[in-house]
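The chains referred to below are lettered A, B, ... by the order of the sequence lines, with proteins before strands, and numbering in each begins at 1.
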Amino acid sequence: MSIITEKEAKKLLKKVLAFSKADECECNLNGQLTGNIRYARNTVTTAGEVTDLTLAVQSTFGKKMGVATINEFDDASLEKVVRRSEELARLAPDNPEMMPNLKPQKYSKMATYFESTANVGPEFRAKAADDGITPSKKKNLVASGFLTDSHTMTAVMNTNGLFAYNVATNVSFSATIRTADGKGSGWVTRDYSDVNKMDTAKASKIAIDKSIGSVDAKEMEPGKYTVILEPAASVGLLGRLVNAMGQRAADEGRSFLSYKPKEGEKNPPKNKLGMKMFDERVSIYSDPHHPEVPTATFAGDGAAVERTEWIQDGKIVNFQNSRYWAQKTGSKYNPTAIGGNWIMEGGNESLEDMIKNTRRGILVTRLWYIRQLDPQTLLQTGLTRDGTFYIENGKIKYPVKNFRFNESPIVMLNNIEALGKPVRINGNMVPPMKVRDFTFSSLSDAV
Amino acid sequence: MERRDFIKLTGAGVGGLMLPITGNMVSAAQLLEKPMDVAMKKQLADVALNAAKSVGATYADARIGRYLNQFITTREKVVNNVVNTESAGIGIRVIANGTWGFASTSIMTPDSIAKTAKQAVAIAKANSKFQTEPVKLAPVKSYGEVSWKTPIVKNAFEIPIKEKADMLLEVNNAAMSNGASYITSIFFLVNEQKYFASTEGSYIDQDVHRLWAPFFASAVGESGFKQRTSLGNPVGMGFEYLDGKKEDKIYIDGANIGYHNSYDMVEDAKNAGKQLQKKLKAKSVKPGKYDLVLDPAHLMLTIHESVGHPLELDRVLGYEANFAGTSFATLDKWKSKKFQYGSDIVNLFADKTQLHSLGYVGYDDEGVKTKEWDLVKDGILVNYQATRDQVHMIDQNESHGCCYSQSWRDVQFQRMSNVSLKPNPKEDLSANDVIKGVDDGIYIAGRGSFSIDQQRYNFQFGGQLFYEIKNGKIVDQIEDVAYQSNTQEFWNSCAQLAGKSDYRVGGSFFDGKGQPSQVSAVSHGCPTTRFNNINVLNTKRKV
């Protein structure tokens, strides 16, 4: 009993709230049914399934709040969890930033559930592993990879009468295929809401081809290069930028979006809302209705979520914020949906077209071990991995050794040469991008 | 787990709650309830072992776990959250047809346990179709019924919540009245009550305690903002770690205070405020080659990344290829007995019995008594870290005892043990003595940004505090420092070690590995150490 229907969820949560003696009470029900398979050295190493259903209850007395959870659902357990949360609330100090529960919300329709994905079983997972292992063995390669599928359910109810419910499915796959002598390595990743879009054989072939194609990489001098970043390469840098778009840190002077007043400036703004920071082709938004990356249309507190622009034509147009901070500053509250996505707009060019249109550059499959060096500039470091190639006159000439980069996504989004057609990656939509003057600071011997 | 995941805990209500470890939240009082009776655990474990054997398992182990956590998070003058979690259940691992199988359940009735054990065998049999390397276990002693407990003085869970919250607010106040503009401080307390039983005849009951008390302070000035995190360590200790005893303080002339086996969090917060103000005005480093003197609370992370991970045998063999990667420290290098990992003063060892360390336990999660062993001796690579099913691949027949699972619900596998650098055996030099010998260098304290490639060659590390050393003296606080090196070159540039009085144990509370990912906690001891001629970058960038 990990995924229950909307009707059952409503009945259960009403029963829970009936036990409440607090000023306010909010419940959150989360169910999951997940499966996975992992392989390495051309053999399956682990496989498993997890089912879980958890109820979290938040009780408040004035500005005091307590949270307790349970995974037993008989009446006595339900009452117990409510009492526990009340007991914790009474023990807790006042939290002046505590916000009252939301009133009922109107939600637009969600399209996050695919029966095809909910039906994934051990056979599908085993085939996904075999799609990498068998062709790898034939070519004297060594396959490793991981596939995980999930069917999840979320429901929220509070004593103001708010109720939200959603079910979602997801499947994600990644494979690393290496040559037996360790001189070449290729990688691929795919994730979808609908498993019918997942072709693990086709994906594995990409890792196989990159593995063979990356053997005997040549050394190139570190420096500034034009790069073509595959979506899997830029998603990490872009994600760090999107995650750093919080209003509170910006208002407090602790963000790349904090505004530094000019000398003598009267009534300067605290943050860079409305200011242009990136190339005008840069637009990033979140949208629960995007057909490729659908999410729930509500946040964890039950707030309704619709499309929200973050960056439009290179300008900052919205911040992420909490309900408390939005109210305190008189700003619009921009809640983040459960399983939230972000989408960067692009063009129509394919990755292949982008390579064809490049005179001299580096094609990057992915970036690895990205860590921030300076939150003021969002300067990041990390390395290329599993397929880095030199492009000359529109063609991939040869594989090159991996580089360490030291670069900021702010610089990257100001140095755009071209944007391709966005594809889904890690639940977001990211275009392949060609960027000039990308800074590689040293070489790595790693394959 | 990264810092930002921690920060998500602050201000989180039921909707925004992000827990690093799955668990059920319970009342504070319930955390003090007595663990399950050992006789009952033995009975339930035997149900699992017998059920597994009855359907063809050639080996089985059962782990009955009760995992308790408590976080208290504060921000400036506000206590954001008090969260108690508990998770209990049983994980059953078996070998059938030469293949591993695993299943777990939170329903601890004999019927449910037997069913779960049989499911683990069924999974093993199903996966055996793909098996090309049948599991071969190194022998292990049958220990009978034994128990072990982290030697704590004060159980952190027993300290009243108000007392802990007040202490964090005092920390915040200390930082803010000395120059910090903002601060988040957290107590993170862990108690693993775990019972292990296997068909080898061991019944092991362990009570493991860990604690971490970090803060993250920042200051905003005209030129921008700066951050400084705490210099205390996560430890395998009780609340006595926060006693801040005088004898546990190591004063670095002109720089920071280092902490030994207890931590003065309020003092560190005060210093953080003052150092933040200096950071705002500090000059930017001139890039180039420098002799570096690295403080233990910094060097521990360099050891973790450039020694601990590459010497995990599963990485060397390729089991982690699709996630964290493989290792440059390949078997041929080890077999040659000549691979110069570091200079001849470098002695790195693994040790799951180090007092106050995060990895200190009596037995690992597959019932192997823990021990100490050499990894790099006099600069030469001599061994790896391996579990029962791996040691035969390096021609050894005794497991190193470094198998771990983050909870009852996840399968145990090879994890990093405490990996440490031995202090100077000849002279008991202090950190100040090491600094005295440097003409033109940089002293780095505290852990900052860290990044290393998937085979652990090329790395780049930052820190919390940076000081210019001129003619044997610390002269100025500087900023924007990161050093880049290659693991082998770096350890071969190791030029001087402080002595045993300076040896300190730092650690990583949330080290991630595996798919699905699991966390583990691990410590690294070392003295203040000098490395010559290292490439230093300036990380200031105009955007």
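- Chain A forms the most heavy-atom pairs under 4.5 Å with one residue out of Asn535(B), Thr105(B), Asn458(B), and that residue is Asn458(B).
- For chain B, no part of Ala92(A) is nearby; none of its heavy atoms comes within less than 4.5 Å.
- Each of Ser449(B), Ala321(B), Ser451(B) has some count of heavy-atom pairs under 4.5 Å with chain A, and the biggest count is that of Ser451(B).
- Note on Ala124(B), Ser181(B), Ala324(B), Ala165(B): by heavy-atom pairs under 4.5 Å with chain A, the leading option is Ala324(B).
- Between chain A and the options Lys77(B), Lys129(B), Lys226(B), Glu320(B), the largest number of non-hydrogen pairs under 4.5 Å is found for Glu320(B).
- Both the backbone and the side chain of Phe225(B) have a heavy atom closer than 4.5 Å to some heavy atom of chain A.
- Judged by the 6.0 Å distance and 45° axis criteria, Arg366(A) is positioned over the aromatic ring of Trp187(A).
- Salt bridge annotation for Lys540(B)-Asp374(A): absent, with no cationic side-chain nitrogen under 4.0 angstrom from a carboxylate oxygen.
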| field | Verdict with reasoning, Tyr369(A) to Gln460(B), per side-chain hydrogen bond (donor to acceptor under 3.5 Å, both in side chains) | value | CA-CA 11 Å; Tyr369(A) 221 128; Gln460(B) 181 177 313; over 6 Å; no
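- In this structure, chain B has heavy atoms under 4.5 Å from both the backbone and the side chain of Ser408(A).
- Neither the backbone nor the side chain of Ser327(B) comes within less than 4.5 Å of any heavy atom in chain A.
- The ring of Phe459(B) has its center closer than 6.0 angstrom to the ring center of Phe461(B).
- Geometrically, Arg404(A) does not engage Phe440(A) in a cation-pi contact, judged by NZ or CZ lying under 6.0 Å from the ring centre and within 45° of the ring axis.
- The residue among Tyr182(B), Phe328(B), Trp100(B), Tyr319(B) with the most heavy atom pairs within less than 4.5 Å of chain A is Tyr182(B).
- Heavy atoms closer than 4.5 Å to chain B are found nowhere in Asn414(A), neither backbone nor side chain.
- Both the backbone and the side chain of Gln515(B) have a heavy atom closer than 4.5 Å to some heavy atom of chain A.
- Both the backbone and the side chain of Pro375(A) come within contact range of chain B, each with at least one heavy atom under 4.5 Å from a heavy atom of that chain.
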